[in-house]
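Working notes, beginning with the structure itself.
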Amino acid sequence: MEWVNETLVREFVFLSFSSLAGLQRVLFVVFLLLYLFTLGTNAVIISTIVLDRALHTPMYFFLAILSCTEICYTFVIVPKMLIDLLAQKKTISFLGCAIQMFTFLFLGCSHSFLLAAMGYDRYVAICNPLRYTVLMGHGMCVGLVAAAYACGFTVAQIITPLVFHLPFHSSNQLHHFFCDISPVLQVASHHTHFNQIVIFILCPLVLVIPLLLILVSYVHIISSILQFPSTLSRNKAFSTCASHLIVVTVHYGCASFIYLRPKSNYSSSQDALISISYTILTPLFNPMIYSLRNKEFKSAFHRVIGRKLSLSQH
């Protein structure tokens, strides 16, 4: 990466928690506990899906992939943030910042497209139940996941070089706790029109396209559910979609606030607060939403625990 050597800035300094000096150790403990709980619950979801054959269905395949993505997604940001909460100087190298942004964009964008793939899965399950096993075979599921990651990788591969090719000569102080797009752009010496156009068109598109796909899926889902003859079958169909809809609402609510509002409304303090919600709280709530509200998953979890206990007794 030749462009690393072309800038006068060799490292960035995070300032997000500098005004909370007295609370940083308390925040460290709180965020560490939340992070460990997030890792634990996602690990439980993945292991239960892998170990119980009843959950070897497309819906749970996508859920396991989503949990893996969230583990990696939080690992990119939270451990560094925890270290900085205890450190006097909260810095990251120029190359480290670029790598963090690339990985964050890759996993974050892939997460959006995975939610779209899960919406399509619910559409096929409800609107074409007789052809579900054919339409959502193993090849289709793997293909949708590969397409989601390919889209995320492509977006990260375009945006990250555009941001870090900009000159950074004056300030290296980021009013944030990780290398997100807006805080880094704020400290660039100047912006080219081409870079600005590409970045501020591509970011909304990455959110809008998966959201439109999800909305199209749910328009068909709702129209099909309303035609069901009994209230019981309608309620059952809606309940299978409820967890996905809650996660989509939280994910797009936070992301839209950060990436879809006008640049003139940029607020570093608001962005940092919202970023904490989608880097720590959202990955914490997602496995709870999918597992605690799901009787099928809870039954599978109890079966796995029962088998493990019986094996340990023998």
Side-chain angles (χ1 to χ4, degrees), residues 1 3-4 12 62 65-78 80 92 94-120 141-166 174 176 178-188 191-217 247-248 250-263 266 271 274-275 277-279 282-283 286:
M1 293 187 182
W3 42 272
V4 173
F12 292 101
F62 288 122
I65 297 296
L66 191 70
S67 292
C68 288
T69 303
E70 290 192 333
I71 289 174
C72 298
Y73 175 84
T74 54
F75 182 75
V76 172
I77 297 169
V78 179
K80 170 62 177 167
I92 187 170
F94 189 90
L95 180 59
C97 190
I99 292 172
Q100 187 182 56
M101 181 182 290
F102 176 87
T103 314
F104 161 73
L105 288 173
F106 166 52
L107 295 170
C109 295
S110 299
H111 188 277
S112 295
F113 284 100
L114 280 172
L115 289 176
M118 294 174 78
Y120 176 72
C141 293
V142 172
L144 288 172
V145 170
Y149 282 124
C151 291
F153 181 84
T154 302
V155 171
Q157 185 68 26
I158 293 171
I159 291 180
T160 307
L162 286 177
V163 171
F164 286 91
H165 266 105
L166 296 171
L174 302 180
H176 216 278
F178 73 96
C179 294
D180 204 352
I181 299 170
S182 294
V184 176
L185 288 178
Q186 289 289 310
V187 300
H191 303 165
T192 65
H193 290 300
F194 175 75
N195 286 28
Q196 283 185 312
I197 291 170
V198 172
I199 291 169
F200 290 106
I201 288 178
L202 196 56
C203 286
L205 280 179
V206 169
L207 290 174
V208 170
I209 290 175
L211 183 58
L212 286 176
L213 293 173
I214 292 169
L215 290 175
V216 169
S217 295
V247 171
V248 166
V250 173
H251 173 77
Y252 280 97
C254 294
S256 298
F257 181 88
I258 299 290
Y259 299 108
L260 296 185
R261 76 188 193 280
K263 186 183 176 183
Y266 177 81
D271 276 14
I274 297 297
S275 296
S277 72
Y278 72 71
T279 55
T282 302
N286 286 359

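Treat the numbers as computed from the prediction; the structure is a model and nothing was measured. What you see below is based on every heavy atom in this structure, not just the backbone, and it leaves out hydrogens, waters and symmetry mates.
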Legend entry - Atom of P161, atom of A156 and distance for their closest heavy-atom approach: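 Closest pair (atom of P161, atom of A156, distance): CD-O, 3.9 Å.
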Legend entry - Where D180 and V184 come nearest, the two heavy atoms and their spacing: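 What the structure gives for the nearest pair is O-CG2, 3.2 Å.
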With rounding to the nearest 0.5 Å, note down the distance linking [atom1] in [X] to [atom2] in [Y].
X	Y	atom1	atom2	answer
L185	L174	CG	CG	10.5 Å
L115	Y252	CG	OH	6.0 Å
E70	T279	CD	OG1	11.5 Å
L202	I197	CG	CD1	13.0 Å
M118	I214	CE	CD1	9.5 Å

Inset, instruction - Using the test ring-ring contact (aromatic ring centres under 6.0 Å, His included), find all partners of Y120 that sit at least two apart in sequence or belong to another chain. - result: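 By the ring-ring contact (aromatic ring centres under 6.0 Å, His included) rule, Y120 matches Y123.
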Legend entry - Residue pairs passing the side chain to side chain donor-acceptor pair (under 3.5 Å) test where at least one lies in residues 205-216, sequence neighbours excluded: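 Listed by first then second residue: nothing to list.
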Under 3.5 Å donor-acceptor pairs involving side-chain atoms of residues 96-107, not counting sequence neighbours:
unit_1	atom_1	unit_2	atom_2	d
Q100	OE1	C179	N	2.9
Q100	NE2	V76	O	3.3
T103	OG1	I99	O	2.8

Those residues that, when tested against [X], pass side chain to side chain donor-acceptor pair (under 3.5 Å) (two or more places apart):
X	result
S110	none
T69	Y149
S112	H251

Inset, instruction - Check for a donor-acceptor pair, side chain of T74 on one end and backbone N or O of I71 on the other, with a separation under 3.5 Å. - result: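 The answer is yes, because a donor-acceptor pair under 3.5 Å joins these two groups.
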